[in-house]
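A short write-up of the structure that comes next.
We're numbering straight along the sequence, starting at 1. Please read all numbers here as calculations on a predicted model, not as lab measurements.
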Amino acid sequence: MATTSLRPVQTRIGDPALAARLRRELRGEVLFAPADRARYATDASIYHIEPLGVVCPRDRADLEAVLAIARQEKVPIIARGGGTSQAGQTIGRGLIVDCSRWLTGAGELDRESRTIWVEPGIVLDELNRVLRPHGLFYPVDVSTASRATIGGMTANNACGSRSLAYGVSIDNVVAIEALLADGTRCSFGPLDPRTEPSPATPYGRICNALRAISTEVREEIRTRWPKTARQVGGYALDRIDPEGPFNPASILVGSEGTLALFERIQLRLHPLPRHRVLGVCHFPSFASAMRAAPALVALSPTCVELVDRTILELARTIPAFAESLPKFVRGEPDCLLLVEFAGEALSPLERA
């Protein structure tokens with residue numbers, strides 16, 4: 001989505017003229033002070049890159065306006081949520097667009113189809129608090145759930161510990177309303193060959209181009225594409241059917257903000273399980289735990305999580321954890337596998 005600047009971006013860091021224009025044309029916050037740029041120069045990674053400036057859009061009109069200004073000023077945009085990425089995806093020399101301040105709405109819950117439309121800045125824990133009274137939840141349960149935003153999770157195809165049962169983000173995103181780099185608004189959602197969008201529209205041209213790319217590289221995908229549950233090595237070309245139904249939203253999931261600026265995301269929800277049970281499996285070595293994992297996965301758990309010796313030793317030094325460890329840990333295992341089962345009836349889970 002970035003455009004090439006006529007001047008090096010570094011020369012525009014803290015640019016007062018750009019900041020003034022953004023303040024005139026946006027309702028949201030514009031943060032160009034050195035302290036603000038320093039705060040947004042880092043995320044959960046080891047990297048430190050000072051941005052040109054920061055914008056916190058107040059609504060979708062602001063999103064559209066900041067994209068137009070960036071395009072006219074020829075500066076790149078970097079969308080940012082909670083900043084929990086560990087590979088530097090949310091930092092850079094461009095203009096940071098922080099969606100976590102204002103674009104946090106949740107609405108249009110369809111209990112029958114178990115879907116909901118949300119804005120990209122809503123935090124996962126907050127979304128699940130909204131859904132709990134309806135007996136539903138969004139199951140991509142990343143460890144940073146108290147601060148990770150749905151927009152960021154969608155952008156990097158977040159996984160979560162319960163992906164064994166519920167899949168990853170790409171399996172639970174139904175549709176995405178987004179702005180393209182030229183300002184075109186598109187609604188990416190499931191397609192059927194019988195209801196193809198018009199090739200005269202930007203969206204129709206995108207869908208046709210995706211099918212053409214998929215056709216061209218189909219054999220490469222069949223023979224070389226990794227058969228793993230989560231893939232973060234590039235765009236999800238394996239999800240595009242050259243001839244049958246497919247969902248163009250899949251190409252945006254995991255794209256790390258390089259293809260479009262998310263405005264709203266429609267999520268697939270799941271019923272909250274009535275019961276959960278947890279098995280704590282002890283192992284004398286890491287290797288023995290890894291050998292046992294396939295057999296445990298074959299039991300259809302919702303989660304299998306490793307706790308290694310390092311984590312156990314660290315937990316014993318923290319009073320809050322040290323007190324509860326003896327309730328679950330027997331002796332001095334090298335590592336644990338935490339195996340969770342969930343369902344509507346308790347007795348089958350206890351037998352698992």
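- One N or O on the side chain of Asp171 and one on the backbone of Val168 form a donor-acceptor pair closer than 3.5 Å.
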Practice item. Please lay out, stage by stage, how Phe137 and Tyr166 fare under the test ring pair (Phe, Tyr, Trp, His ring centres under 6.0 Å). Key: CA-CA 11 Å; Phe137 79 123; Tyr166 299 105; 5.4 Å; yes

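- In this structure, Gln89 contributes its side chain and Ala87 its backbone to a donor-acceptor pair below 3.5 Å.
- In this structure, Leu237 is a member of the same hydrophobic cluster as Phe188, with clusters built from ILVMFWY side-chain heavy atoms closer than 4.5 Å.
- Contact check on Glu263 versus Arg185 returns a salt bridge, with a Lys/Arg side-chain nitrogen under 4.0 Å from an Asp/Glu carboxylate oxygen.
- Using modelled atom types, one side-chain atom of Arg37 and one backbone atom of Phe32 make a donor-acceptor pair closer than 3.5 Å.
- A side-chain donor-acceptor contact under 3.5 Å links Ser161 and Asp141.
- With Leu336 as reference, Val280 is the one residue of Asp308, Val280, Ile311 to meet the side chain to side chain contact (heavy atoms under 4.5 Å, CB included) rule.
- Atom CD of Gln72 is surrounded by more than 12 heavy atoms from other residues, nucleotides or ligands within 6.0 Å.
- The two residues Leu259 and Leu180 make their nearest non-hydrogen contact at O-CD2, 4.1 Å.
- Here the side chain of Arg101 pairs no donor or acceptor atom with the backbone of Val55 at under 3.5 angstrom.
- Taken to the nearest 0.5 Å, the CD1 atom of Ile251 stands 8.0 Å off from the CD1 atom of Ile170.
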Please report, to 0.1 Å, the donor-acceptor pairs under 3.5 Å made by any side chain of residues 296-306, with sequence neighbours excluded.
from: Thr302; atom 1: OG1; to: Glu340; atom 2: O; distance (Å): 3.1
from: Thr302; atom 1: OG1; to: Glu340; atom 2: OE1; distance (Å): 2.5

Stepwise side-chain contact (heavy atoms from CB on, under 4.5 Å) check, Ile150 with Leu267
CA-CA 9 Å; Ile150 295 298; Leu267 305 174; 4.0 Å; yes

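- Across all non-hydrogen atoms, the minimal contact from Cys56 to Leu31 is SG-CD1, 4.1 Å.
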task: Please lay out, stage by stage, how Thr90 and Tyr40 fare under the test side chain to side chain donor-acceptor pair (under 3.5 Å).
output: CA-CA 9 Å; Thr90 64; Tyr40 283 88; over 6 Å; no

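- Here the shortest heavy-atom pairing between Pro51 and Ile96 reads CB-CG1, 3.5 Å.
- For the pair Leu314 and Thr310, the minimum side-chain heavy-atom distance is below 4.5 Å.
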*Glu177 vs Arg60, salt bridge (Lys or Arg N to Asp or Glu O under 4.0 Å): CA-CA, chis, key distance, verdict*: CA-CA 11 Å; Glu177 292 179 355; Arg60 296 176 71 179; 3.0 Å; yes

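- For the residue pair Thr104 and Cys99, the shortest heavy atom distance occurs at CG2-O, 4.4 Å.
- Distance CG/Leu252 to CG/Asn157: 12.0 Å, rounded to 0.5 Å.
- Of the possible polar contacts, none joining the Arg27 side chain to the Pro57 backbone as a donor-acceptor pair under 3.5 Å is found.
- Donor-acceptor pairing under 3.5 Å is lacking for the side chains of Asp334 and His282.
- Comment: Glu73 engages Arg21 in a salt bridge, judged by a side-chain N to carboxylate O separation of less than 4.0 angstrom.
- With respect to Asp182 and Arg71, no salt bridge is recorded, no charged nitrogen being found less than 4.0 Å from a carboxylate O.
- Proximity of a side-chain donor or acceptor of Arg239 to a complementary backbone N or O of Tyr235 within less than 3.5 Å is not detected.
- A salt bridge does not link Arg316 with Glu313: none of the charged nitrogens is closer than 4.0 Å to a carboxylate oxygen.
- With contacts defined as side-chain heavy-atom distances shorter than 4.5 Å, the pair Leu261/Glu64 does not qualify.
- The pair Arg224-Glu219 does not count as a salt bridge, with every side-chain nitrogen at least 4.0 angstrom from each carboxylate oxygen.
- Arg264 and Glu119 are not joined by a salt bridge, as no carboxylate oxygen comes within less than 4.0 angstrom of a charged side-chain nitrogen.
- Of all non-hydrogen atoms in Thr149 and Pro120, the two that sit nearest each other are CB-O, 3.4 Å.
- Remark: the Ser288 side chain and the Ser285 side chain contain an N/O donor-acceptor pair separated by less than 3.5 Å.
- Using a 3.5 Å distance cut-off with no hydrogens or angles, the side chains of Thr184 and Tyr203 do not pair a donor with an acceptor.
- Once rounded to the nearest 0.5 Å, the distance linking CD of Glu29 with CG of Asp36 reads 9.0 Å.
- Under a 3.5 Å cut-off, the side chain of Ser169 and the backbone N or O of Thr154 do not form any donor-acceptor pair.
- More than 12 non-hydrogen atoms from other residues, nucleotides or ligands lie less than 6.0 angstrom from CD of Glu25.
- Residues Pro197 and Gly204 approach most closely at CG-CA, 3.8 Å, considering heavy atoms.
- Distance check: Leu312 CG to Phe328 CZ gives 13.0 Å after rounding to the nearest 0.5 Å.
- More than 12 heavy atoms of other residues, nucleotides or ligands lie within 6.0 Å of CZ in Phe283, so this atom counts as buried by the packing criterion.
- Classification of Asp241 and Arg218 as a salt-bridged pair fails, no side-chain N sitting under 4.0 Å from a carboxylate O.
- A salt bridge between Arg80 and Asp98 is absent, with no side-chain N of the basic residue lying under 4.0 Å from a carboxylate O of the acidic one.
- With a 4.5 Å cut-off on side-chain heavy atoms, Trp117 and Ile265 do not count as touching.
- Within 6.0 Å of CZ in Arg274 there are 12 or fewer heavy atoms belonging to other residues, nucleotides or ligands.
- The distance from the OG1 atom of Thr84 to the CZ atom of Arg147 is 7.0 Å, given to the nearest 0.5 Å.
- Residue Ile77 holds its CD1 atom at 10.5 Å from CG of Leu52, rounded to the nearest 0.5 Å.
- Within 6.0 Å of the CZ atom in Arg205, the count of heavy atoms belonging to other residues, nucleotides or ligands exceeds 12.
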